[in-house]
Protein chains: 2
Amino acid sequence: MATGRTHRPATRSRGIPEATVARLPLYLRALTALSERSVPTVSSEELAAAAGVNSAKLRKDFSYLGSYGTRGVGYDVEYLVYQISRELGLTQDWPVVIVGIGNLGAALANYGGFASRGFRVAALIDADPAMAGKPVAGIPVQHSDDLEKIIEDNGVSIGVIATPAGAAQPVCDRLVAAGVTSILNFAPTVLSVPDGVDVRKVDLSIELQILAFHEQRKAGEEAAAGSDGAGPAAARGVSGPASSSTSADQGPDGDVPAVMPA
Amino acid sequence: MATGRTHRPATRSRGIPEATVARLPLYLRALTALSERSVPTVSSEELAAAAGVNSAKLRKDFSYLGSYGTRGVGYDVEYLVYQISRELGLTQDWPVVIVGIGNLGAALANYGGFASRGFRVAALIDADPAMAGKPVAGIPVQHSDDLEKIIEDNGVSIGVIATPAGAAQPVCDRLVAAGVTSILNFAPTVLSVPDGVDVRKVDLSIELQILAFHEQRKAGEEAAAGSDGAGPAAARGVSGPASSSTSADQGPDGDVPAVMPA
DNA sequence: AGATGTGAACATGTTCACAGCA
DNA sequence: TGCTGTGAACATGTTCACATCT
């Protein structure tokens with residue numbers, strides 16, 4: 001293996017860093033807002049401010065996509081919207097199923113941000129027979145018995161799990177067996193999936209715990225710092241050093257079921 | 001500003017890396033599960049598997065907290081639970097307010113994972129007068145007119161924003177003015193906050209967009225790869241390279257309001 | 001023996017600072 | 001002149017491999 005290359009053969013295309021990919025949706029949103037206000041061009045400085053990052057980072061990020069800006073001028077808003085959308089795969093239609101239609105599942109189904117991108121809620125699935133047929137966000141809930149058929153009929157490759165923790169792994173297994181290869185998991189469980197399946201996890205309580213850590217820290221520093229030094233500095237989107245990102249890897253098991261009662 | 005040092009003086013205490021802090025809740029959950037099953041000790045290997053990370057990373061993480069393990073044996077479950085809880089600040093009580101009681105806010109209020117840690121939902125706040133007094137998860141919703149008083153009376157320092165995008169910044173400003181110094185933001189907006197206030201953001205549609213990127217990638221590689229190379233490898237919690245983490249920094253504005261209709 | 005704890009190598013991500021083009 | 005695009009310096013995070021202790 002010699003000196004060590006990346007583990008990913010990198011399909012010869014470009015190798016866009018994960019950190020950059022994670023920010024593309026931020027840029028896209030800021031750009032969409034500008035587009036709606038019919039702003040023709042933006043500088044990296046302006047766009048970075050709108051997206052809450054610094055301009056050097058933004059320019060570096062864009063440099064991985066190619067040279068879509070004009071020196072001395074900035075970026076063409078419409079063109080960039082298109083390029084980023086294409087890069088993210090949002091120019092195609094992504095049918096998505098949401099499994100577990102409790103409060104969270106309903107919130108997701110109602111979430112406008114999905115439809116406005118390339119995502120289409122193809123089906124809502126719940127294990128509770130009483131839910132079957134009931135419309136949520138205008139879409140009738142279907143029973144989980146039909147999960148496999150629904151996946152196949154709609155050509156779904158992305159599934160969202162919003163079930164209680166205990167149901168998550170079985171649901172995940174069925175989704176994967178039916179052909180789903182990307183999963184967004186809201187249940188507080190580590191999901192086991194075969195190679196080639198992507199799992200991303202959003203864990204509400206983990207975020208709070210990270211905040212608590214920093215909060216505790218602040219309380220301790222108050223005593224030590226005293227004068228507070230730096231003064232105002234204030235408010236331009238990005239808060240402090242600590243406002244970084246979210247969790248990593250997968251999440252563990254062993255907690256109260258939580259959302260989606262009945 | 002001279003040659004440029006770190007922006008953070010680093011309070012001399014310990015400097016636990018952000019990446020490690022973000023994983024502590026994962027370990028804590030896995031440990032809590034073991035504790036409930038009365039398992040007395042775990043090896044780094046076992047615990048890592050349960051948390052969905054690799055053992056080297058786990059050991060390195062724990063090394064920042066101190067030497068809490070026993071060579072040749074492993075870690076004492078109860079002791080570790082206590083140490084991590086303390087480190088995260090979960091041994092104290094954190095009163096939390098949730099602003100915006102739509103589907104998402106209700107899901108959060110019902111989320112068991114909060115109460116089981118040091119978090120206590122001190123109040124639910126909504127701008128809709130029709131919601132006032134209505135109990136959600138056993139807690140009566142209060143009108144946002146009383147936001148400042150509620151914050152002060154309960155000594156709240158952590159606020160959760162689950163309002164539509166348009167309401168997020170004003171709500172944020174009022175929370176901060178009333179003394180909140182940590183905010184968990186579910187609205188798709190970049191929040192401006194003064195220095196010293198932490199903001200973490202969870203954005204549902206961003207996660208989906210990142211999945212879409214990788215999904216698109218897979219489709220492209222299928223053609224190129226063919227043989228698939230590596231074979232099974234399969235399924236032990238952590239999926240592939242791409243299952244990494246979530247978004248970073250803050251999120252931008254300019255999207256459909258989303259959750260919390262009325 | 002069997003596990004932790006950790007220095008050192010490696011990989012990824014961020015920021016600086018400026019060359020180069022419009 | 002004013003902006004992008006990027007090499008190089010720096011910072012953070014991950015993995016390896018083994019010394020170290022029970």
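Throughout, a chain's letter reflects where its sequence line sits, starting with A, and its residues are numbered from 1.
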Check against side-chain hydrogen bond (donor to acceptor under 3.5 Å, both in side chains), Asp61(A) and Thr20(A): CA-CA 6 Å; Asp61(A) 284 342; Thr20(A) 296; 2.7 Å; yes

Nearest-Å distance for atom pair [atom1]/[atom2], residues [X] and [N]:
X: Arg71(A); N: dC18(C); atom1: CZ; atom2: P; value: 16 Å
X: Lys60(A); N: dC18(C); atom1: NZ; atom2: C1'; value: 13 Å
X: Leu58(B); N: dT15(D); atom1: CG; atom2: C1'; value: 14 Å
X: Leu65(B); N: dG5(C); atom1: CG; atom2: P; value: 10 Å
X: Gln83(A); N: dG5(D); atom1: CD; atom2: P; value: 12 Å
X: Phe62(B); N: dG5(C); atom1: CZ; atom2: C1'; value: 13 Å
X: Arg59(A); N: dC21(C); atom1: CZ; atom2: C1'; value: 14 Å
X: Asn54(A); N: dG13(C); atom1: CG; atom2: P; value: 16 Å

Nearest-0.5 Å distance that lies between atom CG in Leu175(B) and atom OG in Ser182(B): 11.5 Å

Proximity to the side chain of [X] - top-ranked nucleotide from [options]:
X: Thr70(A); options: dC16(C), dT15(D), dA22(C); value: dA22(C)
X: Glu18(A); options: dT14(C), dT14(D), dG13(C); value: dG13(C)
X: Ala19(B); options: dG5(C), dC16(C), dT14(D); value: dT14(D)

Ring centroid separation Tyr68(A) to Phe62(A) under 6.0 Å: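 Aromatic pair excluded; centres sit 6.0 Å or further apart.
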
Sugar-phosphate only, base, or nothing, as touched by Tyr75(A) at under 4.0 Å among non-hydrogen atoms: sugar-phosphate

Results of side chain to side chain donor-acceptor pair (under 3.5 Å) for Gln92(A) - residues two or more places apart only: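 For Gln92(A) there are no side chain to side chain donor-acceptor pair (under 3.5 Å) partners, ignoring immediate neighbours.
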
Salt bridge (Lys or Arg N to Asp or Glu O under 4.0 Å) involving Glu215(B) - partner list, sequence neighbours excluded: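 By the salt bridge (Lys or Arg N to Asp or Glu O under 4.0 Å) rule, Glu215(B) matches Lys218(B).
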
Contact residues, residues 37-45 of chain A to DNA chain D [heavy atom, < 4.0 Å]: Ser43(A), Ser44(A)

Steps toward side-chain hydrogen bond (donor to acceptor under 3.5 Å, both in side chains) verdict (Ser205(A), Gln209(A)): CA-CA 6 Å; Ser205(A) 94; Gln209(A) 291 176 55; 3.3 Å; yes

Derivation and outcome, side chain to side chain contact (heavy atoms under 4.5 Å, CB included), residues Tyr75(A) and Glu46(A): CA-CA 10 Å; Tyr75(A) 301 92; Glu46(A) 293 165 332; over 6 Å; no

